[in-house]
Every structure is written in C-alpha cells, then in structure tokens.
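Order of the sequence lines fixes the chain letters, A, B, ..., with proteins taken first and strands second; residue numbering starts at 1 for each chain.
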Number of protein chains: 2
Amino acid sequence: MIDFDKLDKTIHEKGRLSIMTMLASRGEWKFQELRDQLKMSDGNLITHLRCLQKVGYVSTEKELKGRKVTKYLLTRSGKKAFKGYLRLLEQIVEQGSS
Amino acid sequence: MIDFDKLDKTIHEKGRLSIMTMLASRGEWKFQELRDQLKMSDGNLITHLRCLQKVGYVSTEKELKGRKVTKYLLTRSGKKAFKGYLRLLEQIVEQGSS
DNA sequence: GGTTTAACTTTGTATCACAAAGTTATAAAA
DNA sequence: TTTTATAACTTTGTGATACAAAGTTAAACC
C-alpha cells in the first residue's frame, strides 16, 4: 500500500508542481519566463516561489548588471524532495496500471 | 512543455488520489475498507467519494442482504480519467528525471 | 423494544489558491 | 535630470475546499 502521507503537499499543488517540474528540467529560469510559460499572474507565481523558498526547495540569483532580473533554481534539498515526490508518482503509476 | 491545465483537479487532490489509486488497483472496496486503509474520518471520506460520484468517476453497489454495506468502484469514465491522469504523471516523471 | 453498527449529513473552521491593484527600484528615454 | 517604462515584489480580498466532530438514519441482531 502506497503511503500517501508521504506525499509532499508543498510540491503536490498544481502550480508549484509545474514550477518544480520546470526547474528540475533545466537549471535556471527567469521570473518572466516562468510567468509566461505557466501563464500565472505575478502575484500567484511569486507566492508559490516564496512558498518553495520558505521550505528551502528553491533559491534565487540576481543579475546585478543591466535590468533587474531574478533567476530561480532548485536547491540541493529541492532536488532531493522532488526526486522523492517522483518516486511516489512512479508507485502510483505502477499500481494504477496493474 | 507539459500542459498542466490538463491536470484533473478532482483526481489530483491527495485524498481523492489515494481513493482513485485504490479503486484502480482492485475492483471493489467497501466504505469501511477505504476508511481503515486510508485512515480518513467518515465525513472526509464520504465527501471525497461524493465528489468523485458527482463527476461520474465512481459508482456504488449496495448489498441488500445482511448488514448495510456499500461498495465503491470506478466507472468506465473514472477509469479513463485516471488513465489520462497517469499519463500526465508519467510525463512529469520523465521530464523530471531528464 | 432497545442496542449496535455502518453509512451518511451537517456544521464550523482553518487553510490557501488566485486575481487585482498597488509599491519599489532601476534603467532607458526625453 | 526629470519622466517613463519595466521587472519584481507586496498587499488585500474573496471564494473554494479539506477536514474534523458531532449528529442523524436505517437496518439487523438481541
């Protein structure tokens, strides 16, 4: 029996799941890129990013030269948590297709 | 790019996801079995089941003889929807491990 | 008839996704 | 050097909903 208590709610929420998936698939994303790709409002996106930062899954890099640009990336802990989350998804897929 | 808009919110919620996974892995489950396995309160479980019934993913069978027992199972539409959901999970897993 | 049991309903609360509007700071234009 | 534009961020409000707890109903067994 799959242990659904282990399902990380921070990652599981649709908006943050999409963010995490993007960050996992490529090193860095600008705020703008995330917003445009995911078609989220500024407020919604930044709230989710803040939430992911607060639990330590995401960090930022600021470009100091040129226009103000913020890049977001997964932390080591974020990568680990996402891996764990994916492992649970795999279990669900496996059990669901049996 | 994965289309997260397609992610079925009815299924995605943790509680209902666990229910759907159980129903997908075995034909029928009694209310009691679901409640005990998933450690949900009566009220919470039935609310999720009602929600799944309302969108047509789950149906019930009542035993008419003996003690009152209700069994829950996936409808054809529920199986189809769950399959679609799993396909999206597979995409996430794939993209996440690239 | 009374008790137990399974399923179900109702009610209340706390959380949270999301949008919209407002704020700040910097860079380019004028 | 004032103005305008832009990117990131904050604040506020609202609606939705997960969940628990307590109450209700109906059938079966004593």
Decide whether B:Y57 and B:L73 are clustered together by the hydrophobic rule: side chain heavy atoms of Ile, Leu, Val, Met, Phe, Trp, Tyr closer than 4.5 Å, transitively. no

Shared hydrophobic cluster for B:V93 and A:L7 (ILVMFWY, side-chain gaps under 4.5 Å): yes

Side-chain heavy atoms of [X] within contact of [Y], under 4.5 Å:
X: A:L38; Y: A:W29; value: no
X: B:R26; Y: B:E33; value: yes
X: B:I92; Y: B:F4; value: yes
X: B:C51; Y: B:T10; value: yes

Nearest-angstrom distance from the residue atom [atom1] of [X] to [atom2] of [N]:
X: A:K71; N: D:dA8; atom1: NZ; atom2: P; answer: 11 Å
X: A:R16; N: C:dT15; atom1: CZ; atom2: C1'; answer: 11 Å
X: B:W29; N: C:dA7; atom1: CH2; atom2: P; answer: 14 Å
X: A:K68; N: C:dT24; atom1: NZ; atom2: C1'; answer: 7 Å
X: B:R35; N: D:dA20; atom1: CZ; atom2: P; answer: 13 Å

List in chain and number order the residues that pass salt bridge (Lys or Arg N to Asp or Glu O under 4.0 Å) with A:E61, two or more places apart in sequence or in another chain; answer none if no residue qualifies. none

With B:E28, which residues qualify under salt bridge (Lys or Arg N to Asp or Glu O under 4.0 Å), at least two apart? B:K71

Return the orientation label for the A:Y85 and A:H12 ring planes: parallel under 30°, perpendicular over 60°, tilted otherwise. tilted

Nucleic acid contacts - residues 3-14 of chain A versus DNA chain C, non-hydrogen atoms under 4.0 Å: A:E13

Numerically ordered, the residues 17-28 of chain B set in heavy-atom contact under 4.0 Å with DNA chain C is none

Which ones in residues 37-60 of chain A lie close to DNA chain D, meaning a heavy atom under 4.0 Å from one of its atoms? A:D42, A:G43, A:I46, A:R50

Inter- and intrachain pairs under side chain to side chain donor-acceptor pair (under 3.5 Å), touching residues 36-51 of chain B, at least two apart: B:R16-B:H48, B:R35-B:D42, B:N44-B:H48, B:R50-B:Q53

On the nucleotide C:dC8, are OP1 or OP2 found under 4.0 Å from the side-chain N or O atoms that B:K62 carries? yes

Is the phosphate of C:dC8, meaning OP1 or OP2, less than 4.0 Å from a side-chain N or O of B:Y72? yes

What is the minimum heavy-atom distance between A:G56 and A:S77, and which atoms define it? O-OG, 3.7 Å

Regarding the side chain of B:F31, the nearest nucleotide among C:dA17, D:dC9, C:dA7 is C:dA7

